[in-house]
Amino acid sequence: MNRVLVIGSGGREHALAWRLSQSSTVEKTFVAPGNAGTALEPALENVVLEVSDFSAVIAFCQIQNIQLVVVGPEQPLVDGIVDALTAAGIACFGPTAQAAQLEGSKAFAKDFLNRHQIPTAAYAEFTEVAAANAYLADQQFPIVIKADGLAAGKGVVIAEDMTEAQAAVADMLADNKFGAAGSRIIIEEFLQGEEASYIVIADGENFISMATSQDHKARDDGDSGPNTGGMGAYSPAPVVTPKIDQQVADKVIQATLDGMLKDGMPFTGFLYAGLMIDDQGQAKVLEFNVRFGDPETQPIMLRLKSNLDQLCLAAIDKRLSEVDCQWDERFALGVVMAEAGYPFSYAKNNVINGLDTVASEVKVFHAGTTKKGDQVITSGGRVLCVCALDESLQQAQNKAYKAVKNINWGSEYYRSDIGFKAIKS
Ligand code: AMP
Ligand code: GLY
């Protein structure tokens, strides 16, 4: 029986830990630091750990006899948590710091994609304002400006005209709006089409696709308003047809794993390709994430039937080709409830009401929540992801929104149309 530690504190980590704790081969699941949702989950235990202090994480794993560490967010991966724990003899699921550059540096990812002829938008890379502006003079609009490094999903600007583009360049390169993450930028062709997330579990050579899903990155209904970390997601996503699935599996995912292996940095972990699929059905890579998506994880974990710890351990041991993965055939949909104002400034410490009204077939994953005595209070921009599973996407949507309407804290905000593209088609 395995003892497992999940690193992170968001909705993704709540969902991963919840699923891990239900595995027939897991005895105990810890979450560091976790949130109110993981604290309230009888099968989970939150631990106070400074996760950026890898020696503290190693010491905890040794004392608690942990057999598997699953890392939720990108920052510790980019900082080398897998390298440090592996060196200490602890099985830690995720990419090495070298391989995590696929997310940690957009310039690295674009260069990698081009070198290995994996489809992506045309681009150029800059560190100087003058050179970037000179390049912009010959481009068409809209155009996309991206900070090279990690910027918590905020380092991407879609500029409609020259004024906006030059302002984004100045913000990043001259005014250091994103700190070191923006000291290098990518200017990229704007792609049209429908977005999809394609997430796999990889062992360096082979992979297993997770269920398909689609995220809603824009804050407001109809995919309008500012870009966020994600306001909701559902699975499966019909935009990923069997034909697109095959194309992405071969030309994007396998090509990426082959390329990383060839470049001497085999990729183990969850690999997430953010894709734009054009009206001809051709997929191009918008970005890589070297971890599971948030909120995609939440509906996907509702559908996963296999033991997640066994999948992660098989990947670490390079045995993925020997295992398979079972999914619930039903539809899962998750609605993010956020604090009004997110993704900019927002209130905190509001008491959440109605969590006890939720029907048993609805699952509420917590993100920005904290326990205060017997109350659960808001402590982040994205607060909850209310998920439901049902025979159709429409039924899952109805069920999730019914639960959402009974949860409130005064300044809650959510989109009312999660899943609309798939339900319309
Ligand atoms: P990224 O973090 O690179 O995925 O970018 C965040 C969001 O910006 C994506 O989910 C897309 O909605 C949008 N985006 C990024 N790159 C492009 C592009 N080249 N063309 C159109 N939209 C893009
Ligand atoms: N939902 C998008 C992400 O996890 O980056």
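Computed from heavy atoms alone, side chains included, the values below leave out hydrogens, waters and symmetry copies. First listed ligand is number 1; within each ligand, the first listed atom is number 1. Positions are given from 1 along the sequence.
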Hey, are Arg415 and Asp223 close enough for a salt bridge, meaning a charged N less than 4.0 Å from a carboxylate O? yes
With a cut-off of 6.0 Å (strictly less than), are more than 12 heavy atoms of other residues, nucleotides or ligands near CD of Glu361? yes
Quick check on the 6.0 Å ring-centre criterion: do Phe141 and Phe190 meet it? no
May I ask you to identify, for Arg12, whether its side chain, its backbone, both or neither come under 4.0 Å of ligand 2 on a heavy-atom basis? neither
As an exercise, identify every atom of ligand 2 less than 4.0 angstrom from a heavy atom of Asn289. 5 (O)
Is the closest basic N to carboxylate O distance between Asp258 and Lys262 below 4.0 Å? no
Nearest option to atom 4 (O) of ligand 2, as decided by whichever heavy atom of Glu287, Met231, Arg291 sits closest: Arg291
What atoms in ligand 2 come closer than 4.0 Å to a heavy atom of Tyr272? 1 (N), 2 (C)
Taking Lys110 first and then Glu125, would you say they form a salt bridge - that is, a charged N and a carboxylate O separated by under 4.0 Å? no
Charged N to carboxylate O below 4.0 Å: is that the case for Asp175 and Lys177? no
Please determine if Asp294 has a nitrogen or oxygen closer than 3.5 Å to a nitrogen or oxygen of ligand 2. yes
So which of Lys146, Glu195, Glu287, Glu103 gets nearest to atom 11 (C) of ligand 1, if we judge by its closest heavy atom? Glu195
Just let me know how Leu191 lines up against ligand 1, side chain, backbone, both or neither, with a heavy-atom cut-off below 4.0 Å. both
List every atom of ligand 1 that sits less than 4.0 Å from any heavy atom of Lys106, numbering the atoms from 1 in the order shown and giving each element. 1 (P), 2 (O), 3 (O)
Do Ser411 and Asn350 meet the criterion of a side-chain donor-acceptor pair at a distance under 3.5 Å? yes
Numbering the atoms of ligand 2 from 1, which are under 4.0 Å from a heavy atom of Gly229? 1 (N), 2 (C)
Non-hydrogen atoms of Gly230 versus ligand 2: any pair closer than 4.0 Å? no
Can you name the atoms of ligand 1, numbered from 1 with element, that are less than 4.0 Å from a heavy atom of Glu188? 16 (N), 17 (C), 18 (C), 19 (N)
Enumerate the atoms of ligand 2 whose separation from the nearest heavy atom of Asp215 is less than 4.0 angstrom. 1 (N), 2 (C)
Please could you name the atoms of ligand 1 that Asn227 approaches to less than 4.0 Å, counting only its heavy atoms? 6 (C), 7 (C)
Counting from 1 in the order shown, the ligand 2 atoms closer than 4.0 Å to a non-hydrogen atom of Gly293 are 4 (O)
Against heavy atoms of Lys217, which atoms of ligand 2 measure under 4.0 Å? 2 (C)
If the cut-off is 4.0 Å to any non-hydrogen atom of Lys217, which atoms of ligand 1 fall inside it? 10 (O)
For Val144, the ligand 1 atoms whose distance to one of its heavy atoms is below 4.0 Å: 16 (N), 17 (C), 18 (C), 19 (N), 20 (N)
Would you please classify the geometry between the Phe126 ring and the Tyr135 ring as parallel, tilted or perpendicular, with 30° and 60° separating the classes? tilted
Residues Ser23 and Asp309: side-chain donor-acceptor under 3.5 angstrom: yes
Which of parallel (below 30°), tilted (30 to 60°) and perpendicular (above 60°) describes Phe60 and Phe30? perpendicular
Answer yes if the side chains of Ser416 and Tyr401 hold a donor-acceptor pair under 3.5 Å, and no otherwise. no
Indicate, as side chain, backbone, both or neither, the part of Leu286 found under 4.0 angstrom from ligand 1 when only non-hydrogen atoms are considered. both
